[in-house]
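Keep in mind it's a predicted model, so treat the numbers as computed, not measured. Labels below follow one simple rule: chain letters A, B, ... track the order of the sequence lines, proteins then strands, and each chain is numbered from 1.
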Amino acid sequence: MQFPEGLYYTKDHEWIKVEGDTGTIGITDFAQSELGDIVYVEVDTMDESVAQDDVFGTVEAVKTVSELFMPISGTVTAFNEDLEDSPETVNEDPYGAGWLIRITIEDASQLDGLLSASDYAEMVGK
Amino acid sequence: MSDTQHLKQTPIQDRHVALGAKMVPFAGFNMPVQYTGIIDEHHAVRNRAGLFDVSHMGEVRVTGDRALDFVQKLISNDASTLIDGKALYTVMCKPDGGIVDDLLVYRLAADDYLLVINASNIDGDIAWMRASNDVGATLTDESDATGLLALQGPAAFDVLTAATGYDASYLSFYHFDAVTDGTVLGLSNVIISRTGYTGEPGVEIYCRAEDTGTIWDALMSVADQFGMQPTGLGARDTLRLESGYCLYGNDISLETNPLEAGLGWVTKLAKPAFNGRETLAALKEAGLERKLVGFVVNEKGIPRGGYEIQNGDGETIGQVTSGTQSPVLSKGIGMGYVKNVPEYTTPGSVLHVAARGRTFAVTVVKPPFHK
């Protein structure tokens with residue numbers, strides 16, 4: 001199971017990659033593995049400002065549904081529209097082509113409270 | 001994460017682990033939920049064949065001169081219609097008509113029946129059976145001593161023949177063969193049953209727990225030849241739901257009766273007294289308040305157990321009991337109880353499912369969903 005360095009992780013199993021004031025958000029390899037086959041990703045917060053830990057969308061797997069939580073506060077600026085046709089990309093490449101949204105970061109200091117790759121790996125016992 | 005230390009194992013847990021299965025706690029057992037993925041395994045069963053370890057299921061043997069009398073009082077279906085080598089599907093009810101469990105009843109001999117029950121209900125079922133046993137039948141819990149594999153799919157009979165030399169294609173649906181002469185892999189006690197929970201042709205194979213691995217290994221040894229895949233509980237659920245089969249704990253329970261669950265066909269009100277008969281006869285006479293219906297989602301959305309079902313005015317008229325994404329249809333499908341009025345229960349009726357602040361339209365259909 002992969003937990004790349006350089007990303008920030010949350011206890012809710014999202015990751016965020018930071019480039020300037022832009023954050024790219026997805027779910028972790030552990031999360032996709034627990035969910036199993038993903039069939040829809042729904043993001044109904046485009047262009048909205050969403051606070052840290054609030055719900056920005058849902059992911060539907062065959063077996064279950066899970067809400068998606070903002071790692072830090074920000075405005076949702078992009079949704080990965082490739083997932084409309086190929087939601088399984090989240091299973092196949094959760095840190096790459098399976099990214100979910102991009103945000104404009106509101107308060108970069110919130111990153112300090114997130115987990116490192118090794119902290120997250122320890123949390124999920126991998 | 002649950003504590004896996006206290007979970008029971010099936011006799012072939014080592015096979016699942018070696019195959020890289022994702023194991024989850026289910027009904028007190030550590031069970032394979034998937035190997036390659038639910039959708040992939042689902043299609044394997046629909047198109048070729050899948051092999052399931054369902055050894056967690058419970059088996060109770062009923063023997064003695066009064067065995068039939070006991071079974072007849074216990075279950076809603078009519079076991080007097082059975083002959084040796086034939087099985088039936090049924091429910092057993094409390095006096096108030098609530099369903100204790102759904103089960104299969106096999107007649108091995110006139111004084112020897114095998115009852116196959118859900119893993120999650122084994123203790124409660126056996127307590128209920130013992131409490132109902134006022135005729136002195138002998139009840140033996142054989143759950144731990146029995147292995148059970150389900151081999152399902154259009155290639156199932158070919159797989160079985162190639163692996164064991166036993167051609168089961170002659171068996172009619174709900175017929176079985178108790179093979180005790182070693183014909184199947186030299187084993188002395190195997191039941192080949194033309195039953196299943198997937199809506200596909202196939203067999204369920206009962207054996208002594210210690211023989212489960214022998215049969216699993218033999219079937220897996222020809223897997224590649226037929227495109228057969230090991231299949232977990234995840235696909236077992238999507239397959240049964242796509243076929244419109246009830247799952248105990250979801251669609252039927254102590255809070256539901258067989259008539260409203262669409263199981264009137266296994267509820268023989270005309271047979272001699274059985275647990276729940278009087279209540280069920282009165283309910284039928286009075287008319288049912290609600291009914292279990294199947295539905296297909298018309299837009300994006302997947303129904304899940306517990307979601308509300310609403311009419312066009314946004315009024316709550318029922319609740320979803322099971323739901324998933326149908327791998328064959330690539331659409332959401334589900335079942336749920338709705339008020340028993342024709343505008344809600346008739347196939348073609350459009351209803352709405354509400355979840356987390358949004359609703360999606362569904363159309364009532366008569367399962368199976370995938371055909």
Side-chain angles (χ1 to χ4, degrees), chain A residues 1-2 11-13 27-46 48 50 53-70 79-94 98 100 120-126, chain B residues 1-4 20-26 31-44 231-242 247 250 297 299-307 320 322-334 353 355-360:
Chain A
M1 199 160 279
Q2 300 293 312
K11 60 181 178 5
D12 297 315
H13 312 290
I27 63 170
T28 67
D29 195 9
F30 177 80
Q32 70 77 22
S33 163
E34 288 296 302
L35 287 165
D37 292 332
I38 290 167
V39 290
Y40 296 126
V41 178
E42 293 199 70
V43 171
D44 50 12
T45 51
M46 262 306 281
E48 291 177 21
V50 184
D53 296 334
D54 281 2
V55 173
F56 69 86
T58 55
V59 55
E60 295 262 13
V62 172
K63 218 174 160 47
T64 189
V65 58
S66 181
E67 292 184 314
L68 297 163
F69 299 95
M70 285 290 264
F79 167 63
N80 182 0
E81 292 182 2
D82 292 345
L83 302 181
E84 299 270 6
D85 292 329
S86 307
E88 67 277 10
T89 308
V90 181
N91 294 116
E92 292 161 0
D93 189 9
L100 304 180
Y120 178 76
E122 188 179 345
M123 186 190 91
V124 300
K126 298 290 173 185
Chain B
M1 293 284 109
S2 297
D3 180 0
T4 54
K22 185 173 156 192
M23 306 296 288
V24 298
F26 179 82
M31 295 295 292
V33 66
Q34 64 173 53
Y35 302 82
T36 57
I38 293 175
I39 295 175
D40 184 56
E41 293 163 29
H42 184 108
H43 288 305
T231 312
L233 292 184
R236 182 168 162 86
D237 189 52
T238 54
L239 288 157
R240 72 91 193 166
L241 184 50
E242 223 173 50
L247 172 63
N250 283 36
V297 179
E299 51 200 287
K300 203 169 170 180
I302 303 178
R304 308 283 181 186
Y307 288 6
V320 176
S322 284
T324 192
Q325 171 88 346
S326 161
V328 169
L329 300 178
S330 292
K331 284 183 187 176
I333 58 171
V353 170
R356 301 189 314 277
R358 63 175 285 251
T359 65
F360 46 88

| said: Has Thr45(A) got a side-chain atom pairing as donor or acceptor with Glu48(A)'s backbone, closer than 3.5 angstrom? | reply: no
Side chain, backbone, both or neither of [X] within contact of chain A (heavy atoms, under 4.5 Å):
X	value
Val24(B)	neither
Lys300(B)	both
Thr324(B)	both

| message | Taking the ring centre of each residue, are His13(A) and Phe69(A) less than 6.0 Å apart? | response |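 Judged by ring-centre distance (under 6.0 Å), His13(A) and Phe69(A) do not meet the cut-off.
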| With side chains defined as the heavy atoms from C-beta onward, is the minimum distance between Leu100(A) and Asn80(A) less than 4.5 Å? | no
| said: Can you confirm whether Lys22(B) is buried at NZ, in the sense that more than 12 heavy atoms of other residues, nucleotides or ligands lie under 6.0 Å from that atom? | reply: yes
| field | Flag if over 12 foreign heavy atoms under 6.0 Å of CD, Gln2(A) | value |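 Counting other residues, nucleotides and ligands, CD of Gln2(A) stays at 12 neighbours or fewer.
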| task | Select one option (side chain, backbone, both, neither) describing which atoms of Val62(A) are under 4.5 Å from chain B's heavy atoms. | result | both
| Residue Glu67(A) versus chain B: region with a heavy atom under 4.5 Å | side chain
| Using a cut-off of under 4.5 Å for heavy-atom pairs, which of Gly323(B), Gly301(B), Gly234(B) has the most such pairs with chain A? | Gly301(B)
